[in-house]
Amino acid sequence: MCGIVGYIGKRDVAPLLLEGLQRLEYRGYDSAGVVVNSPKSGALKMVKAKGRVRDLEARVPKRFAGTTGIAHTRWATHGAPSDVNSHPHLDPENKVAVVHNGIVDNAADLRAKLEAEGVVFASETDTEVITHLIARSLADSLEEKVREALKVIEGTYGIAVMHADFADRIVVARNGSPVILGIGEKEMLVASDVAALIAHTRQVVTLNDGEMATLKADDFRTYTTSGTQTNATPETVEWEAASFDMGGHDTYMHKEMSEQAEAVDRVLRGRIDDRFSTVHLGGLNLDAREARGVRRIKILGCGTSYHAGLIGAGLIEELARIPADAEPASEFRYRNPVVDPDTLYIAVSQSGETYDVLAAVQELKRKGARVLGVVNVVGSAIAREADGGTYVHAGPEVCVVSTKCFTNTVVAFALLALHLGRIRDLSVADGKRIIEGLRKLPAQIEEILAMEPEIEKLAQEYAGAQSMMFIGRVRGYPVALEASLKLKEISYIHAEAYPASELKHGPLALIEPALPTVAIVPNDDLLEKNRAALEEIKARSGRILAVAHQNQEKADHTIVVPKNEDELDPILMGIPLQLFAYHTALAMGRDIDKPRNLAKSVTVE
Ligand code: M6R
């Protein structure tokens, strides 16, 4: 949600931290702040500002020298966005500075206790209790002071701490919120996301929950919160620094939509086995005998990833004939679910850090379930917590709204479904057919992306609508759900998604000329049923935009997409509607990459 970046070395730290914050702004963006130490005295100097990183930048004085610093971009949880609630938080003597991602669950109790001891709080945040606890510790080392504070804290955290009396180090700790160390030459960095590190180093150490680290300019060490050394070794990040840039596009969303053909090519690469008409997914940790023993599959994810999971469940049922369904992880974890030993659970997440998904995985593992991950970010918490899984290889996704990751996740599910199907009852001929379909996807995605000017015109036409209805049937329904989410996230137009089959059970009452319907109409065995739904809408003077494989007579407009295999059509049918949402939002002057109230990675409840 929020972003942390820190540096210790020889460089002038403020510009480096501000640049890091810019790269993290997509995680949360209602306020930001930075602390650096004075090179001579070690005293801490701080600037904070409500608003975007550029507002903070405007406040940083010209003379703000320092070679060690920590900075933060915030997405408010405790306390409204304001200068004073922004991080870092300093103690009254300006000795200790803390930046924090996560939530201190017992903050109210700790605050009351500290206030009873005479501590005066400057902000309304939960984080400030951490600062006071560290400042009041009588321990001799900064590490011990932080450890003492963490002992009384309940909740989640990724923190970075500076102390004026221990100017040669930054101490960091992780519990449920990512902390990644960047290992440089005579300089060390820390961040909550590799996006802020990659311009400086590709050597990283990802802390585990319950782990801490001390960073000095030429050295780092990792240890548990109880003090045991953990000797982490750096790993090389595969993503290029350039993949975090806008690459000549006006927005990250546009860049990421346009990357979908090559991203799909990447998730397929090296995995297809023509000899056996199947695919190999190296990291599943599920042998053929175990796969045959799976009686049911339950997919868990949130938002767009949940929608990808719905399409995934359909693919698994169709190709592998294993009963499968998807559920929002945020609901699943609160309903005391029955965990069945013959069910395979699949957690799906772009970031691999979504707290609701992670908590569901942890609960499942505690109950002895086998959990696979379908994740984009390598080494992320969900990827590490799962028993095995597959990466979706979409590359970094910076825009808050997910596009290329959605597409790649669905393709990853198609691969998994094919793999399971070929271990079970899917014939060689059907395996071949699906592989041929998968191979066609990148070129067909390019064809759809080339339709952008036409889709832009349509979007301008529909941009005045107050509300929109999205319908689809069976394979098309999750496509409708995702398209409606995309539209509301970035245009703020109210949108509803319904199974086309449910129209006459209620939502038909809404249909009138002012409520346009976007209908997913694949050329499959349900074509005539879908056409009947279009008739029903037209009979009530509803406007219709169809996404179909051929022109639809009853529709006012049809976006004609290339046909693939019936099972794989949902992968393609959502892409024109990403472009549609994009151009609708653009026509309405929205901030596409940073929609209001949202953050890229929801690492809190
Ligand atoms: O990183 P995740 O895939 O776990 O994120 C889950 C959702 O928060 C995310 O998909 C959200 O719905 C996006 N804003 C979709 O565009």
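Counting starts at 1 for both ligands and their atoms, in listed order.
Although no hydrogens or angles enter the test, the distance criterion places a donor-acceptor pair under 3.5 Å between the side chain of His100 and the main chain of Thr156. No side-chain donor-acceptor contact under 3.5 Å links Asn408 to the backbone of Cys405. Side-chain atoms of Asn564 do not come within 3.5 Å of backbone N or O of Asp569 as any donor-acceptor pair.
Listed by chain and number, residues touching ligand 1 at under 4.0 Å (heavy atoms only) are Cys302, Gly303, Thr304, Ser305, Ser349, Gln350, Ser351, Thr354, Val400, Val401, Ser402, Lys486, Glu489.
Geometrically, Arg596 engages Tyr492 in a cation-pi contact defined by less than 6.0 Å to the ring centre and at most 45° from the axis.
Counted by atom type alone, Lys486 and Thr304 present one or more donor-acceptor pairs between their side chains at under 3.5 Å.
Side-chain rings of Phe406 and His307 stay apart, their centers remaining 6.0 Å or farther from each other.
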